[in-house]
Every structure is written in C-alpha cells, then in structure tokens.
Amino acid sequence: MKKDQLIIFDTTLRDGEQSPGASMTKDEKIRVARQLERMRVDVIEAGFAAASPGDFDAINSIAQVIRESTVCSLARANENDIRRAGEAIAPAPRKRVHTFIATSPIHMEKKLRMTPDQVVEQAVKAIGWAREYTDDVEFSAEDAGRSDIDFLCRVFDAVIKAGATTLNVPDTVGYNVPGQYAETIRQLIERVPNSDKVIWSVHCHNDLGLAVANSLAAVMAGARQVECTVNGLGERAGNASLEEVVMAVRTRADIFPVETRIDTTQIVPASKLISQITGYPVQPNKAIVGANAFAHESGIHQDGVLKHRETYEIMRAEDVGWSQNKLVLGKHSGRNAFKSRLAELGVVLDSEEALNSAFAKFKELADKKHEIFDEDLQALLSDEAVTPETEHYKLTYSQVTSETGETPVARLTLSVGGEEKKAESTGSGPVDATFKAIESVLNSGSELLLYSVNNITSGTDAQGDVTVRLSKGGRVVNGSGADTDIVIASVKAYLNALNRLHNEPAKLNPQEGV
Ligand code: KIV
Ligand code: ZN
C-alpha cells in the first residue's frame with residue numbers, strides 16, 4: 001500500500017536558535033541550511049525575519065541559495081512581520097510564510113490582551129497579508145496544547161477559508177501527553193470543515209520529555225507534518241528531535257502509515273555541524289546521534305551483535321551516517337583535494353583569498369594532527385568565518401605555565417580593536433588563569449554561565465572543542481573555539497563569546513511580543 005508522505009519541517013534555525021546562546025551568524029546559518037537541504041528536509045524554517053535586520057538578511061541569503069527545500073520565515077500575525085517575512089523569502093523557488101497567534105485563554109488574556117473574537121479576526125487578516133507573497137501559508141495556534149478545542153475549531157475553520165494551507169497545532173509549553181494530544185488532532189481533523197484540503201502539522205516541546213512521543217502519536221491520528229529540530233535543540237527542554245522522529249517512522253515502517261524523504265545518512269553530519277556551531281554538545285546516550293548510541297559496551301551484547309547483528313541492533317549505524325565520519329585529508333593533501341572536499345560538504349568560499357587563508361589554516365592543523373576529518377574541517381571553517389570586522393578581541397600571544405605544586409600563571413597579549421594589551425594572572429588551573437588574565441584587562445562585566453570541553457574526533461591529538469557561555473545585561477551568548485591545545489581553544493572560545501556580545505545586536509523573541 002502506498003504510504004502518505006510525512007513532511008519534515010525543520011526549525012533548528014528558528015526555534016532551535018531561540019535556545020540560550022545558540023544564535024548563529026549568517027554564514028553559519030547558510031552552512032546549516034545547506035546541510036538540511038542535503039538531508040532532504042522538506043521545509044527549512046530559516047528564522048524570524050522581523051527579529052532584526054541581520055535575521056532578515058540571513059533568511060534572504062538562505063532563500064537565494066536553497067533550491068530544493070521550501071524556505072520559510074516565521075511572522076507574528078501583524079502586517080509588518082508578515083511583509084518582512086514575505087520579502088525575506090522572495091528569492092526562494094519554494095517559499096512559505098508561517099504566521100501565528102496564541103489561542104489559549106491564558107495567552108489571549110495575559111499576553112495578547114485580546115478577546116477570542118479579536119484573535120480570530122487578526123488571524124484571518126494575517127493569512128490575507130501572507131497570501132500576497134505566496135500560496136504556501138502556514139498558520140499556528142500558539143499554545144494550542146492548552147486551548148479550548150471548540151475555539152481551535154473556530155480559528156482553524158476561519159483560517160482555512162482565508163487561504164491557509166498548513167495548520168499547525170503547537171504544544172508550546174510541552175504540557176500534553178500522547179493519548180490526549182493525538183485525540184486533539186483526531187477531533188480537529190474530524191470537526192473542522194475542509195480539513196482534508198490542508199496539511200495538519202504538529203510542533204511539540206519537550207518539557208515533559210514527550211515531544212517525540214506526542215509528535216508520533218499525532219502522526220497516527222492523521223498529522224502529516226512534524227516540526228522538529230536536529231539534536232532536539234530548542235528553548236527550555238527543546239523541540240521534538242528530527243532524528244528520533246525520522247528514524248522511528250523508518251524503523252517501525254510496520255506501524256506508521258507514512259514515510260519521509262530524508263536521506264538518513266546525513267543525520268549524524270547534521271548533528272555534529274549543529275552541535276559545533278551552537279556550542280550545544282550532544283549527550284553520549286542521546287538516541288541516534290549520541291556517541292554511545294551504537295556502542296555495545298557489555299560483553300553479552302557484543303557477543304550477540306557479533307553473532308547476529310539484529311540480536312541487539314534495530315538500526316544500522318551507517319544508515320544514520322556514523323560511517324560518514326571518514327578520514328578525508330592529511331598533511332600531504334593539496335589545495336585541490338581540500339577545495340573539492342569543502343565542495344562535497346557544500347561549502348563554497350567566496351574568494352580565492354578566503355580559500356588560500358582556509359588552506360593555510362588546514363596545513364597548520366595537518367602539521368599538528370595528521371588525520372583530518374570532516375568535523376575538523378567544519379571547526380576550521382567556523383574559525384575562518386571570523387573576519388577582522390567581527391574580531392574586536394583577538395589573541396596574539398599566550399604563555400601559560402602549569403607545574404606540579406606551583407600556581408598556574410597565564411601571560412597573554414590581546415588585540416582589542418587593533419590596540420595591543422598585555423594581561424597576566426594566576427588561577428586555580430591554566431584555563432582559570434587565562435580567563436582571569438583576559439578579564440583583568442577587559443573587565444567585560446559578563447558572567448560565565450558554562451564552560452565545556454569536548455573532543456572533536458578521537459585520539460589524544462584530537463582538537464578540543466570548547467564552549468563558553470556568557471551573559472551580560474540579559475543577553476546570553478555561546479562562544480566556541482577549537483584547537484589541539486585546549487588552553488588555546490578555551491581562550492578562543494572566551495574571546496569568541498566576548499566578540500559575539502560586542503557585535504550582535506539584541507533581537508526580538510517572536511513569542512515575547514505581539
Ligand atoms: O512553540 C510554539 O508555539 C512556536 C510557534 C511560534 C509555532 O514555536
Ligand atoms: Zn516552538
């Protein structure tokens with residue numbers, strides 16, 4: 001029997017980016033969008049165009065390069081947001097405006113200060129504005145998970161009449177449980193007139209750890225689009241994880257009446273790229289993409305797997321892209337090999353100068369670390385994306401001593417807006433000493449919220465990938481740095497976070513305003 005297509009709507013670049021400190025630069029967003037397209041995601045929610053001119057520009061640039069996936073921008077149900085969204089996605093061959101307004105009593109009364117009648121009227125107007133830009137218009141009833149079902153039927157009926165083509169039922173606060181959420185979807189499909197003319201979509205948050213379970217239950221009840229993020233990235237406990245939804249549907253093809261278009265071998269590369277760019281590490285026991293997800297530690301399991309793979313494995317590691325982690329280049333690889341591997345990764349450096357500079361960094365790394373993997377190249381490209389305009393704070397020299405029985409000392413030379421500054425401090429360890437040295441001259445006034453180190457690949461010569469999360473004046477940023485020397489990686493990450501605080505303007509969260 002022919003299965004229905006389950007539309008995979010990825011919101012890593014919008015809802016995922018709303019995670020504290022996960023904001024990405026335009027170049028990073030383009031790299032992520034290209035990887036999502038390579039994975040054959042159906043819809044890429046590229047951002048919230050009205051958030052800032054930078055967000056508009058990033059969505060517009062994505063709309064210029066993505067050819068296969070639909071490019072979507074979020075917009076609140078007001079005219080300005082929708083026009084910004086419509087203009088940002090204009091260059092894309094397939095484009096969608098996604099507009100939303102809250103429908104739960106608590107949101108309408110306390111956040112919007114609007115009556116239910118006004119909400120319906122505004123939703124209808126919003127669809128009209130959006131249809132001026134594209135026929136592909138999605139409407140979300142924010143906090144549908146806590147909304148009255150009769151009111152939901154009324155709003156959805158009105159927006160279908162106004163021209164919405166996808167109707168999304170978000171469990172915004174992650175309050176729902178599978179049986180009940182599925183029942184909501186079933187009732188909506190049954191009760192809303194012309195429900196068979198639209199796609200029903202689900203968007204679940206993971207506050208109770210049920211985002212994937214709720215999404216899958218909704219699919220069984222008739223939903224044909226799932227909104228999700230790679231690694232389950234997203235505000236608070238995150239969104240439904242793309243890789244878990246896709247692999248559940250594929251692995252249990254005996255149960256689900258749907259199939260996706262996803263190239264599952266691109267899942268692990270996507271996971272690694274997003275983790276590296278956002279600074280959100282993947283927990284080792286995370287399903288599908290965690291480092292231990294396919295590692296059979298216990299002797300009994302190993303024995304079973306060696307005798308017959310399916311005794312303990314329901315999926316193959318290579319089907320989700322674990323074997324893609326291959327040795328790609330080495331010390332003797334030339335410029336052409338380097339360039340063509342970047343092209344295979346979907347990276348196009350826009351000038352000869354950029355290519356030369358990235359190649360010089362690659363050679364430097366290959367001298368220290370003989371085997372270069374795709375993840376090393378991605379880290380190198382993140383470093384490369386730092387331009388003189390974005391690098392207000394820069395490390396020019398460092399000497400750190402760490403000796404048994406002695407207090408570690410860091411001596412650094414920093415360039416601050418082109419001016420050289422010397423810094424020195426002791427600390428409880430070499431990293432502590434370097435951070436204190438930096439602060440002794442910069443006095444940034446920021447608070448260190450998180451410091452974490454992960455290895456990019458295996459082996460003691462692997463690059464350390466450091467994430468530093470800083471907060472200042474209510475803003476939170478993540479900085480990342482990679483180097484075979486983890487103290488240098490830490491300084492790079494700290495300065496990267498300070499540069500982000502320095503360069504990136506504060507932006508609007510779509511769910512805070514009206
Ligand atoms: O969680 C939510 O309700 C959202 C909407 C804007 C779709 O992210
Ligand atoms: Zn959301």
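The first residue of the sequence shown is numbered 1, and numbering continues consecutively from there. For ligands, and for the atoms within them, numbers begin at 1 and follow the listed sequence.
In terms of the ring-ring contact (aromatic ring centres under 6.0 Å, His included) criterion, residue partners of Phe9 (sequence neighbours excluded) are, by chain and number, His98.
At a threshold of 4.5 Å between non-hydrogen side-chain atoms, the residues Val476 and Leu470 do not count as touching. At least one side-chain heavy atom of Pro510 sits less than 4.5 Å from a side-chain heavy atom of Gln18.
Arg67 CZ: more than 12 foreign heavy atoms inside a 6.0 Å radius.
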With the criterion set at N/O pairs under 3.5 Å, what does the list of contacts between the protein and ligand 1 look like, atom names and distances included?
| residue | atom | partner | partner atom | Å |
| --- | --- | --- | --- | --- |
| ligand 1 | 1 (O) | His203 | NE2 | 3.1 |
| ligand 1 | 1 (O) | His205 | NE2 | 3.0 |
| ligand 1 | 3 (O) | Thr172 | OG1 | 2.6 |
| ligand 1 | 8 (O) | Arg14 | NH1 | 3.3 |
| ligand 1 | 8 (O) | Arg14 | NH2 | 2.9 |
| ligand 1 | 8 (O) | Asp15 | OD2 | 3.1 |
| ligand 1 | 8 (O) | His203 | NE2 | 3.1 |

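Taking the six-membered ring where tryptophan is involved, the planes of Tyr494 and Phe435 are tilted, since the angle between them lies from 30° to 60°.
Its N, O or S atom nearest to the Zn ion (ligand 2) is what matters here, and for His203 that atom is NE2. For Asp15, the N/O/S atom at the shortest distance from the Zn ion (ligand 2) is named OD2.
Between Asp157 and Lys161 there is a salt bridge, since at least one side-chain N of the basic residue sits less than 4.0 Å from a carboxylate O of the acidic one. Ion pairing of Glu79 with Arg83 is present here, as a side-chain N (NZ or NE/NH1/NH2) and a carboxylate O approach within less than 4.0 Å.
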